[in-house]
Amino acid sequence: MHEYHKAVEWVEKANAKAAEVGASKVTALKVTFGEASDYSPEVVKNYFDEAAAGTACEGARFDITISRCMLKCPNCGKLFEKKLLDYKCPDCVIEGNPTDSGNEVELNDIVWE
């Protein structure tokens with residue numbers, strides 16, 4: 001259900017931005033979904049399409065970027081990709097600390113005509 005609320009939020013933001021700049025049509029939204037965000041890009045898009053019906057956002061596409069889960073080494077500070085059952089820094093072989101990378105659900109840009 002959180003996907004529905006995110007979709008409605010993005011429709012509202014995109015429609016408001018289009019109205020602000022005098023655009024008649026939103027053609028795309030550039031969005032980022034973290035692989036650990038618990039959001040499905042496909043489900044958000046489906047809800048977005050429903051909420052956008054009859055608005056400037058109707059028919060807009062999603063340009064999706066998937067962000068990877070990253071860890072940070074407490075010893076050397078290196079950022080490295082979290083792997084399945086392997087959380088150790090490739091340089092120091094010390095278990096990394098979680099970062100915010102991979103948890104994003106963000107509207108980065110709106111494209112209109």
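Excluded from the calculations below are hydrogen atoms, water molecules and symmetry mates; all remaining heavy atoms, backbone and side chain alike, are included. Computed from a prediction, not measured in an experiment: that's the story for all the values here.
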task = Measure from the side-chain N and O atoms of Thr27 to the backbone N and O of Val111, and report whether any donor-acceptor pair falls under 3.5 Å.
result = yes

task = Treating Ile, Leu, Val, Met, Phe, Trp and Tyr as nodes and any side-chain heavy-atom pair under 4.5 angstrom as an edge, say whether Leu107 and Tyr47 lie in one connected cluster.
result = no

ask   = Is the shortest side-chain N to carboxylate O distance from Lys30 to Asp63 below 4.0 Å?
value = no

Shortest non-hydrogen contact from Ala23 toward Glu113 = CB-O, 3.4 Å

query = To the nearest 0.5 Å, what is the distance between CG (Asp49) and SG (Cys57)?
reply = 10.0 Å

ask   = Angle class for the Phe33/Tyr39 ring planes (parallel below 30°, perpendicular above 60°, tilted otherwise)?
value = tilted

task = Considering non-hydrogen atoms only, spot the tightest contact between Ser67 and Gly34 and give its length.
result = OG-CA, 3.1 Å

inquiry  = Minimum heavy-atom separation for Ser37 and Glu104, please, with both atom names.
reply    = CB-O, 3.7 Å

ask   = Does one hydrophobic cluster hold both Ile94 and Leu79, with members joined at side-chain heavy-atom distances below 4.5 Å?
value = no

ask   = Would Phe62 and Val44 count as a side chain to side chain contact (heavy atoms under 4.5 Å, CB included) if you check the C-alpha gap in whole Å, the side-chain angles of each, and the deciding distance to 0.1 Å?
value = CA-CA 10 Å; Phe62 273 18; Val44 174; 3.9 Å; yes

request  = Applying side chain to side chain contact (heavy atoms under 4.5 Å, CB included), run through Arg68 and Glu35 and close with a yes or a no.
outcome  = CA-CA 6 Å; Arg68 309 295 289 171; Glu35 66 182 353; 2.9 Å; yes

request  = List for me each residue that meets salt bridge (charged side-chain N to carboxylate O under 4.0 Å, His left out) alongside Lys13, sequence neighbours excluded, and say none if there are none.
outcome  = Glu9

Contact summary for Met70 and Thr99, nearest pair of heavy atoms = O-OG1, 2.7 Å

remark   = Rounded to the nearest 0.5 Å, the OG atom of Ser40 sits from the NZ atom of Lys6 at a distance of 14.5 Å

query = Has Tyr4 got more than 12 heavy atoms of other residues, nucleotides or ligands less than 6.0 Å from its OH?
reply = no

query = Can you check whether Cys73 reaches Glu95 side chain to side chain, under 4.5 Å on heavy atoms?
reply = no

request  = Step by step, work out the side chain to side chain contact (heavy atoms under 4.5 Å, CB included) result for Cys69 and Ser101.
outcome  = CA-CA 5 Å; Cys69 288; Ser101 181; over 6 Å; no

ask   = So, for Phe80 and Gly96, which heavy atoms are closest and what is the spacing to 0.1 Å?
value = CZ-CA, 3.8 Å

ask   = Is it the case that one hydrophobic cluster holds both Val31 and Val43, taking links as side-chain heavy atoms less than 4.5 Å apart, direct or via other members?
value = no

note = Between the CG atom in Asn15 and the CD1 atom in Ile110, the distance rounded to the nearest 0.5 Å is 9.0 Å

request  = Hey, could you give me the CD1/CG distance between Ile64 and Asn108, rounded to the nearest 0.5 Å?
outcome  = 11.5 Å

request  = Kindly determine whether Lys17 and Glu20 satisfy salt bridge (Lys or Arg N to Asp or Glu O under 4.0 Å), including the steps that lead there.
outcome  = CA-CA 5 Å; Lys17 187 64 175 177; Glu20 179 184 318; 3.4 Å; yes

query = Counting heavy atoms not belonging to Asp100, are there more than 12 under 6.0 Å from its CG?
reply = no

request  = First locate atom CD of Glu58, then atom NZ of Lys25, and finally report the distance between them rounded to the nearest 0.5 Å.
outcome  = 6.5 Å

query = Are Val21 and Val26 grouped together when hydrophobic residues (ILVMFWY) are joined by side-chain heavy atoms under 4.5 angstrom apart?
reply = yes

key: Which atom of Pro98 lies closest to which atom of Leu71, heavy atoms considered   = CA-CD2, 3.8 Å

